[in-house]
Amino acid sequence: VAAANAGVMPQTEDAICHAKAAGVPIVIALNKSDLPGINYDRVYSQLVTAGLQPTEWGGETELVKTSALTGAGIPELLETLLTIADLHEWKANPKRNASGTCLEASLDEGRGVTAKVLVQKGTLKVGDAVVCGAAHGRVKAIYDTLKTSKTMEEAGPSMPVNISGLDVPPNAGDHFQVVADIAQAREISIKRTGQQRVTSLGDGPAHVTLETLF
């Protein structure tokens, strides 16, 4: 996602690098295209410099002009994403146990640990026993990421949701997986916590001297 009035920012370059490292096709959503006086040639030039040449300029990268404010271009963006998914035959099985990635997590005073997760496979349901990195727990509630007060009973593939019920906040990027029961989730969590402790202890110097201290 790039802002039409700001062009390629440092965070845009980071996103491009992550997408390229993942080896996945890139679609550019050029947001704020509803603003007047947009210099598209400047933005396109910056994208080319960043290694993305839009199809309008003879490249292979799809670009869709959008506006989050007015909703313009969003149907075209979704259609583009679906077309690319169809071309690569990307499918997810919604009937298996859910798995995916934690995007971020925090400790909320009212809800306890809240984790924003992206479901990539299966369907995540309230009551599922989950392991996420070294965290574990039973999903107490699933919340819509946009309407944070709206609760959901389940979340299918490609859906980002906020969940509560984990014992500690997982790290961003941690993989989550639904397991058979809470006992298995706790067992895996304890094992991972032990592994992390061993790793962290092994990183430091075995013998502290004045030199290693500094």
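As the structure is a computational prediction, the values presented were derived from the model and not from experiment. For the single chain, residues carry numbers from 1 onward in sequence order.
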Distance, nearest 0.5 Å, that separates CD of E62 from CG of L77: 10.5 Å
Reported NE2-to-CD1 distance for the pair H18 and I26, which is rounded to 0.5 angstrom: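 Between H18 NE2 and I26 CD1, I get 12.0 Å after rounding to 0.5 Å.
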Does some side-chain heavy atom of [Y] sit less than 4.5 Å from a side-chain heavy atom of [X]?
{"X": "D41", "Y": "W57", "answer": "yes"}
{"X": "V161", "Y": "V117", "answer": "yes"}
{"X": "K116", "Y": "T114", "answer": "no"}
{"X": "P54", "Y": "V48", "answer": "yes"}
{"X": "V131", "Y": "R192", "answer": "yes"}
{"X": "T61", "Y": "L47", "answer": "no"}
{"X": "V178", "Y": "L124", "answer": "yes"}

Report, as yes or no, whether the 6.0 Å neighbourhood of atom [atom1] on [X] holds more than 12 heavy atoms from other residues, nucleotides or ligands.
{"X": "E60", "atom1": "CD", "result": "no"}
{"X": "E187", "atom1": "CD", "result": "no"}
{"X": "E153", "atom1": "CD", "result": "no"}

Where do [X] and [Y] come nearest, in terms of heavy atoms and distance?
{"X": "G137", "Y": "I182", "result": "C-CD1, 3.5 Å"}
{"X": "C132", "Y": "L166", "result": "CB-CD1, 4.3 Å"}
{"X": "C102", "Y": "A105", "result": "SG-CB, 4.4 Å"}
{"X": "A92", "Y": "Q120", "result": "CB-O, 3.8 Å"}
{"X": "I142", "Y": "E154", "result": "CD1-CA, 4.0 Å"}
{"X": "P160", "Y": "L118", "result": "N-CD1, 3.9 Å"}

If only atom types and distance count, is the side chain of Q46 paired as donor or acceptor with the main-chain N or O of V8 below 3.5 Å? yes
Is a side-chain donor or acceptor of N31 paired with a backbone partner of A68 at a separation under 3.5 angstrom?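 Yes; at least one donor-acceptor contact below 3.5 Å.
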For H88, what residues pass the ring pair (Phe, Tyr, Trp, His ring centres under 6.0 Å) criterion, not counting sequence neighbours?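 In terms of ring pair (Phe, Tyr, Trp, His ring centres under 6.0 Å), with neighbours along the sequence ignored, H88 is linked to W90.
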Does V1 share a hydrophobic cluster with I28, counting links as ILVMFWY side-chain heavy atoms below 4.5 Å and allowing steps through other members?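 V1 does not cluster with I28.
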According to a hydrophobic-cluster definition based on side-chain heavy atoms being under 4.5 Å apart (Ile, Leu, Val, Met, Phe, Trp, Tyr only), do L81 and L30 belong together?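 As far as the 4.5 Å side-chain criterion goes, L30 and L81 are not connected within one cluster.
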Using the ring-ring contact (aromatic ring centres under 6.0 Å, His included) rule, collect all pairs that involve residues 149-180, keeping only residues at least two apart or in two chains.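 Listed by first then second residue: nothing to list.
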Contact list for residues 121-145, test side chain to side chain donor-acceptor pair (under 3.5 Å), sequence neighbours left out: H136-D167, H136-S189
